Amino acid sequence: MKLQTQIPLEPAARQFGYDHKLLLLGSCFAQNIGDKLAYYKFQAVTNPFGIIFNPVALERLVADAVANKTYTEADVFELDGVWKSFYAHSDKNALTRLGAVIHLQEAQQLLRQQLIEASHLFVTLGTAWVYKHLERDEVVANCHKVPQQAFTKKLLSVTEIQQSLSRICELVKTLNPQIEIAFTVSPVRHIKDGIVENTRSKSHLLTAVHQLVDSREASYFPAYEIVMDELRDYRFYASDMVHPSEQAVTYVWERFVEVYAFAKAQQTMKKVAQIQQGLAHRPFNEDSAAHQKFITDLTKKQQALTEVYPFMNF
């Protein structure tokens, strides 16, 4: 008896291992996968500017990184005693104007460096709804609780999204012609826009991405379809009934690894997991001989891995 719709997946033409550098950009689902990569000690950087939901805002950040833009005080603003930028998530806020500019510049340098060095770029799109700041006449990455009358809200057309994604690919490849670019659409529903509006948004994103994939500019990983079809049950959602649960994230992560990680990397992941689980262990008696031997063995395992992969830090 078949009790689940299984999405067939093939190994990627270009997979990654522990010697590769990875970059993840986009919505909170990109952050979920980035956290898994960090746990397993891959060389991965996730969202230098924080979580970004729409493709136009992502395009601007990539364009600024490629141009090696220098951010200035004009790129930040103050609200309720906090300095912010419409280009970045609130993670980059600061209590001083200079501090906010420094956060932007540091994020840009990290993004630029990773664009140059990465073997793979994974971009997760969250929404096709965007907010355009009227005075600045530009789409923002985050409204930062600025009054709504300062913006107009718009649903990007399929053509606008496809063109934006195509420009992202072109820009990235001016710095790194060999980089592998893969897009995903986040399974997180943006119900604040409305249920029907969220469906319209996701449909525009999916259509635009597949137009790009059909032109062979990039590939696609079906994170959205895995959650919608393979995990078609509210038990795979967090308590807000919007975000995937930890179990769902882990399931999608496992499918992601099947597609993109070399077999050798998957074996190394098992060794990393053993160490991580050992480090999380809390003994009843820290002074016992058994625990001291456990610590000695764990240290040897760490040393064995870090001799092969010096960048790993437990």
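Model, not experiment: these values are computed from the prediction.
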With distance as the sole test, does [X] use its side chain to make a donor-acceptor pair with the main-chain N or O of [Y] at under 3.5 Å?
X    : Y    : value
E258 : L9   : no
Q114 : L22  : yes
S245 : F236 : yes
R189 : M241 : yes

Can a donor-acceptor pair be found between the side chains of [X] and [Y] at a distance below 3.5 Å?
X    : Y    : value
D229 : Q6   : no
T184 : T124 : yes
S201 : T127 : yes

For [X] against [Y], the heavy-atom pair lying closest together:
X    : Y    : result
F53  : S27  : CD2-CB, 3.9 Å
A118 : N176 : O-ND2, 2.7 Å
V140 : N54  : O-ND2, 3.3 Å
I7   : P222 : CG2-CG, 4.3 Å
S164 : E59  : OG-OE1, 2.7 Å
N68  : Q108 : C-NE2, 3.1 Å

If you round to the nearest 0.5 Å, how far is [atom2] of [Y] from [atom1] of [X]?
X    : Y    : atom1 : atom2 : value
H204 : T159 : NE2   : OG1   : 10.0 Å
L61  : K69  : CG    : NZ    : 10.5 Å
K202 : T207 : NZ    : OG1   : 13.0 Å
R255 : F221 : CZ    : CZ    : 7.0 Å
I226 : E254 : CD1   : CD    : 11.0 Å
H133 : C143 : NE2   : SG    : 9.0 Å

For V188, the hydrophobic cluster (side chain heavy atoms closer than 4.5 Å, chained through members) also holds I191, I195, V242
Using a 4.5 Å side-chain heavy-atom cut-off and chaining through intermediate ILVMFWY residues, the residues clustered with L155 come out as W129
Can you label the angle between the [X] ring and the [Y] ring as parallel, tilted or perpendicular, going by 30° and 60°?
X    : Y    : answer
F86  : F151 : perpendicular
H281 : H291 : tilted
F122 : H120 : parallel

Report task. Could you walk me through whether S166 and Q162 pass the side chain to side chain contact (heavy atoms under 4.5 Å, CB included) test, one step at a time? Result -> CA-CA 6 Å; S166 184; Q162 191 274 333; 4.1 Å; yes
Are the side chains of [Y] and [X] in contact, using a 4.5 Å heavy-atom criterion?
X    : Y    : result
H20  : Q15  : no
L25  : L23  : yes
P187 : F29  : yes
K21  : S119 : no
V76  : K84  : no
D240 : H243 : yes

*Are F183 and V158 linked, directly or through other ILVMFWY residues, by side chains that come within less than 4.5 angstrom of each other?*
no
Note to self: In this structure, would L205 and I51 fall into the same cluster of hydrophobic residues linked by side-chain contacts under 4.5 Å?
What the structure shows: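 In one cluster: no.
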- Message: Could you go through F262 and Y18, starting from their C-alpha distance and side-chain angles, then the distance that decides it, and tell me whether this counts as ring-ring contact (aromatic ring centres under 6.0 Å, His included)?
- Response: CA-CA 9 Å; F262 284 125; Y18 277 90; over 10 Å; no
Margin query: I'd like to know whether Y87 forms a side chain to side chain donor-acceptor pair (under 3.5 Å) with D64, so could you lay out the CA-CA distance, the side-chain angles of the two residues, the decisive distance to 0.1 Å, and finally the verdict.
Written below: CA-CA 10 Å; Y87 308 146; D64 286 350; over 6 Å; no
Qualifying side chain to side chain donor-acceptor pair (under 3.5 Å) pairs with a residue from [range], counting only residues at least two apart or across chains:
range            : value
residues 144-153 : K153-D193
residues 297-314 : K293-D297
residues 265-277 : none
residues 40-51   : Q31-N47

request  = Would you indicate whether L95, at its atom CG, is surrounded by more than 12 heavy atoms from other residues, nucleotides or ligands within a distance under 6.0 Å?
outcome  =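 12 or below, so no.
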Tell me whether E135 at atom CD has more than 12 heavy atoms from other residues, nucleotides or ligands lying less than 6.0 Å away. no
Salt bridge check, E246 against K36: does any charged N sit closer than 4.0 Å to a carboxylate O?
yes
Problem - Residues E160, K154; criterion salt bridge (Lys or Arg N to Asp or Glu O under 4.0 Å); working and verdict - result: CA-CA 12 Å; E160 288 173 319; K154 174 187 176 182; 2.6 Å; yes
Sorted by chain and residue number, the side chain to side chain donor-acceptor pair (under 3.5 Å) partners of D75 (sequence neighbours excluded) come out as none
Subject >> side chain to side chain donor-acceptor pair (under 3.5 Å) involving Y237 - partner list, sequence neighbours excluded >> reply: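 Partners of Y237 by the side chain to side chain donor-acceptor pair (under 3.5 Å) criterion come out as none, since no residue qualifies.
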Sequence neighbours excluded, which residues qualify as side-chain contact (heavy atoms from CB on, under 4.5 Å) partners of [X]?
X    : answer
V213 : V209, Y220
K92  : A88, H103
Q292 : none
R235 : D233

Evaluate the criterion side chain to side chain contact (heavy atoms under 4.5 Å, CB included) for residue pair F77 and V146; output intermediate values, then yes/no.
-> CA-CA 11 Å; F77 67 96; V146 171; 3.8 Å; yes
Can F314 and I275 be said to form a side chain to side chain contact (heavy atoms under 4.5 Å, CB included), step by step?
CA-CA 8 Å; F314 291 95; I275 294 172; 3.6 Å; yes
request  = For the pair L125 and L58, evaluate side chain to side chain contact (heavy atoms under 4.5 Å, CB included) and give the outcome as yes or no after the intermediate values.
outcome  = CA-CA 9 Å; L125 305 172; L58 280 170; 4.1 Å; yes
